[in-house]
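So the structure is just underneath, and the comments pick up after that.
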Amino acid sequence: LLRAGFPLPDQTLTDVSTIHAGRELLIECKRPQRPTGIRSAIADAVGQLTKQPRNERPNALKLVALSLGKCLSDGRLLLHVQDENVAKRAIGDAMSVLIQPHIKDFHRKAGANVAGILAVGSLSMVHLGSNSPSTTTMQVLFANSQMTSMDMEATEAWYNEYKSNSFER
């Protein structure tokens, strides 16, 4: 609508605008389909958070949320693990491998304007000794040095509420 010249009400142009733990959060969500799409997803999200005049909120915590489920697996991978903690470690490690090559570029583009990347990923798994698969979800926050513990608590509060609704579906 904005590109077509229609005026929009005075609000943010992000996927999520909310307040948690007393902190305003502006979150741009992306779901790259392949690992090769992660860099452009991050760049697009940072651009949306920093270049839109309606997103100029100096006290807001700005985050990129990446759903990496499709980058971790095409849906056919089944992880065989001892327990859910082992599965979460494996997912967290895999997401770190996917994100780490893009961290310098993220910091260069985002500067102090975007506080971090919240990566979320899910994998189907089977506990050893069981035949029924279940899904394990893990989130990893890649924060810049200016992100405080209160910012992290606000991010975690938002994510916990949001995941109970529909983030990974």
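Applying the salt bridge (Lys or Arg N to Asp or Glu O under 4.0 Å) criterion to R89, with sequence neighbours excluded, gives no partner residue. For E153, the side-chain hydrogen bond (donor to acceptor under 3.5 Å, both in side chains) criterion is met by no residue, not counting sequence neighbours. A157 meets the side chain to side chain contact (heavy atoms under 4.5 Å, CB included) test with H20; sequence neighbours excluded. In this structure, R34 has no salt bridge (Lys or Arg N to Asp or Glu O under 4.0 Å) partners at least two apart in sequence or on a different chain. Considering only residues two or more places apart in sequence or on other chains, D15 meets the salt bridge (Lys or Arg N to Asp or Glu O under 4.0 Å) condition with none of them. For A45, the side chain to side chain contact (heavy atoms under 4.5 Å, CB included) criterion is met by E28, K30, V64, not counting sequence neighbours. By the side chain to side chain contact (heavy atoms under 4.5 Å, CB included) test, M150 is found to be paired with T148, residues two or more places apart in sequence or in another chain being considered. A search for side chain to side chain contact (heavy atoms under 4.5 Å, CB included) contacts involving A21 returns A154, not counting sequence neighbours.
We find the CD1-CZ distance between I42 and F106 to be 7.5 Å, quoted to the nearest 0.5 Å. Atoms CD and OG1, on Q139 and T155 in that order, are 11.0 Å from each other to the nearest 0.5 Å. Remark: I99 CD1 to L141 CG distance equals 11.0 Å, nearest 0.5 Å. In this structure, L66 CG and M95 CE are separated by 10.0 Å, a value rounded to the nearest 0.5 Å. Note that CG of L118 is 10.0 Å distant from CD of E156, once rounded to the nearest 0.5 Å. Rounding to the nearest 0.5 angstrom, the gap separating the CD1 atom in I19 from the CG atom in L25 is 8.5 Å.
Nearest heavy-atom pair across M152 and A143 is CE-CB, 4.0 Å. Between P35 and C71 the shortest heavy-atom distance is N-SG, 3.6 Å. Across I27 and T14, no two heavy atoms sit closer than the pair O-CB, 3.7 Å. Nearest approach of L72 to S122, heavy atoms of both residues: CD1-N, 4.1 Å. Annotation for G121 and I91: closest pair O-CG2, 3.7 Å, computed over non-hydrogen atoms. For F142 against A119, the heavy-atom pair with the smallest separation is CE1-CB, 4.0 Å.
For residues 106-116, the pairs satisfying side chain to side chain donor-acceptor pair (under 3.5 Å) are D105-R108, D105-K109, with sequence neighbours left out.
The main-chain N or O of E24 is never found under 3.5 Å from a side-chain atom of N59 such that the two would form a donor-acceptor pair.
By the 4.5 Å heavy-atom criterion applied to side chains, I38 and L98 are counted as neighbours. Considering only heavy atoms from C-beta on, Y159 comes within 4.5 Å of V120 through its side chain.
V97 and I117 fall into different hydrophobic clusters, where Ile, Leu, Val, Met, Phe, Trp and Tyr side chains are chained together by heavy-atom contacts under 4.5 Å.
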> Can T50 and V114 be said to form a side-chain contact (heavy atoms from CB on, under 4.5 Å), step by step?
Replying inline: CA-CA 8 Å; T50 59; V114 181; 3.8 Å; yes

